[in-house]
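Working notes for the structure below.
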Number of protein chains: 2
Amino acid sequence: MQNSQESLITTIRSFNRFYTVMLGFLNQKYLGTKYSVTETRILFEIRSSDKVLAKDLCSKLKLDKSYVSRILAKFEKQKLIIRKTASNDKRQNPIALTKFGLEQVTQLIERTNQDIYRLICNFDEESSKKIADALCFIMDKFKEE
Amino acid sequence: MQNSQESLITTIRSFNRFYTVMLGFLNQKYLGTKYSVTETRILFEIRSSDKVLAKDLCSKLKLDKSYVSRILAKFEKQKLIIRKTASNDKRQNPIALTKFGLEQVTQLIERTNQDIYRLICNFDEESSKKIADALCFIMDKFKEE
DNA sequence: GTTATTAGTTGACAATGACAACTAATAATT
DNA sequence: AATTATTAGTTGTCATTGTCAACTAATAAC
C-alpha cells in the first residue's frame with residue numbers, strides 16, 4: 001500500500017465521522033416533516049425514475065424488499081403513489097407519484113434545500129465553487145470503478 | 001442567493017445521496033462485527049477523548065441521553081469501559097476504555113480500514129492525494145463556522 | 001435554606017429494520 | 001405440455017434502535 005493511500009484512509013475515516021454528524025443534522029429535519037430518512041430516499045428515487053419497480057428501489061438503495069414493500073403500502077394508503085400492475089408482466093407493479101405525492105416531494109426538496117442553505121449561506125462565490133468541484137471530483141472518482 | 005450557491009446546493013444534495021449509500025456500505029461491515037453503527041461511533045469517541053462524560057457523547061454525536069446511558073451500561077457489563085465517579089462532582093462518571101475495550105476498538109479500526117482500502121485500492125498516488133485534499137478542504141470549510 | 005439546574009437512569013413505547021415463509025406470475029427445462 | 005426454478009412482491013414474526021417523559025442524586029444559584 002502506498003503512503004498516500006494510508007493517509008487517504010485516515011482522511012476518509014475522519015471525513016466519515018464528520019459527515020455522519022452532518023447527515024444526522026440534515027436528517028433531523030426530515031423528521032420535522034412527516035417522513036423518515038428512508039421514506040424520503042424512496043420518495044426521491046421514485047420521483048427521479050418514474051414507473052420504477054419495488055425491486056429497483058431495493059437494489060438502488062440497498063434496502064430489504066419486505067421493508068420497502070411496507071413503506072410502499074403506506075405511501076399508497078396515504079395517496080402519495082399509485083401502483084398499476086404491468087400489462088406485460090403481472091408480477092410487476094410500476095410505481096408513480098400522484099399529484100399529491102409530487103407536491104409533497106417538492107416541498108421536501110424545498111425544505112432540505114433550505115437546510116443546506118443554512119449550512120453554506122456564508123460561503124463566498126469562490127469557496128462555493130471550490131467545494132462543489134471537490135464534491136464532484138470525489139463522486140467521480142468513486143463512481144469510476 | 002448567488003448562482004454558485006444554488007449549484008452547490010444541488011451538488012450537496014447529490015453528494016448526500018451518494019455518500020449515504022457509501023456509508024451504508026461501510027456500516028454493513030460494522031454489523032459483521034458485534035457492534036452497531038452508533039455503538040461504534042461511541043467507542044471511537046471514547047477512545048479519542050479519554051475520561052469523556054456521557055453528556056459529551058450526547059452532544060458530540062447528537063444522541064439522546066437515555067439511549068447513550070443504556071449503551072454505556074451495556075459496554076460496562078461487557079467490560080469494554082469503566083466508569084468512576086468524579087471526586088470533584090459526584091454526578092459525573094468519566095468513561096475510559098478498559099484494556100479489552102481498547103483491543104476491540106483497535107480491531108474495529110483495523111476492519112474499517114480494510115473496508116475503506118477495498119474502496120480505494122485502485123487509486124494511484126496522485127488521485128489519492130487529490131481526494132484527500134478535497135476531503136480536507138470540505139471539512140475545513142464546514143468547520144470554520 | 002430553598003429553588004433551579006445538571007448528569008445520568010429508568011419505564012414505556014414507537015420506529016426501524018432483518019429474516020424466513022409465503023403467493024402469484026413468468027421463465028426455463030425436459 | 002408438464003414440471004421445475006426463478007422472480008416480484010407480501011406477510012408474519014421478531015430484534016434492534018431510538019424517543020419521550022418521569023425520575024434520583026448531586027451541585028449551583030438565589
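Numbers restart at 1 for each chain; the letters A, B, ... are given by sequence-line order, proteins then strands. Please read all numbers here as calculations on a predicted model, not as lab measurements.
With sequence neighbours excluded, no residue forms a salt bridge (Lys or Arg N to Asp or Glu O under 4.0 Å) with B:Lys90. In this view, A:Tyr117 satisfies the ring pair (Phe, Tyr, Trp, His ring centres under 6.0 Å) rule with no residue, not counting sequence neighbours. By the ring pair (Phe, Tyr, Trp, His ring centres under 6.0 Å) test, B:Phe100 pairs with no residue at all, sequence neighbours left out. Evaluation of the salt bridge (Lys or Arg N to Asp or Glu O under 4.0 Å) rule for A:Lys65 yields no partner, not counting sequence neighbours.
Counting all heavy atoms, side chain and backbone alike, B:Ile81 lies closest to B:Leu72 at CD1-O, 3.5 Å. Nearest heavy-atom pair across B:Leu119 and B:Met22 is CD1-CE, 3.7 Å. The two residues B:Arg91 and B:Asn93 make their nearest non-hydrogen contact at O-OD1, 3.1 Å.
When the P atom of D:dT7 is taken as reference, atom CG of A:Asn93 falls 17 Å away, rounded to whole Å. What separates NZ of B:Lys55 from P of C:dT5 is a distance of 16 Å, to the nearest Å. For the pair A:Tyr35 OH and C:dA15 P, the computed distance is 15 Å after rounding to whole Å. In this structure, the CD1 atom of A:Ile71 is 15 Å from the P atom of D:dT11, given to the nearest Å. Per the geometry, CG belonging to A:Leu63 stands 11 Å off C1' belonging to C:dT16, to the nearest Å. The interatomic distance linking A:Ile95 (CD1) with D:dA8 (P) rounds to 13 Å, in whole Å.
Between B:Ser69 and C:dA7 there is no side-chain polar atom (N or O) within less than 4.0 angstrom of OP1 or OP2. Within the structure, a side-chain polar atom (N or O) of B:Ser36 is placed less than 4.0 Å from OP1 or OP2 of D:dT17.
A:Ile71 is listed as a side-chain neighbour of A:Phe75, based on a closest heavy-atom distance under 4.5 Å.
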Assign a letter to each nucleotide of nucleotides 21-30 of chain D from its 5' end: B, base within under 4.0 Å of a protein heavy atom; S, sugar-phosphate only; -, no contact. B----BS---

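Between B:Asp115 and B:Thr112, the side chains place no donor N or O within less than 3.5 Å of an acceptor N or O (distance only, hydrogens not considered).
Contacts between residues 75-83 of chain B and DNA chain C, defined by a heavy-atom separation below 4.0 Å, involve B:Arg83, listed by number.
Mapping B:Leu72 and A:Lys74 onto DNA chain C by nearest heavy atom places B:Leu72 closer to the 5' end of the strand.
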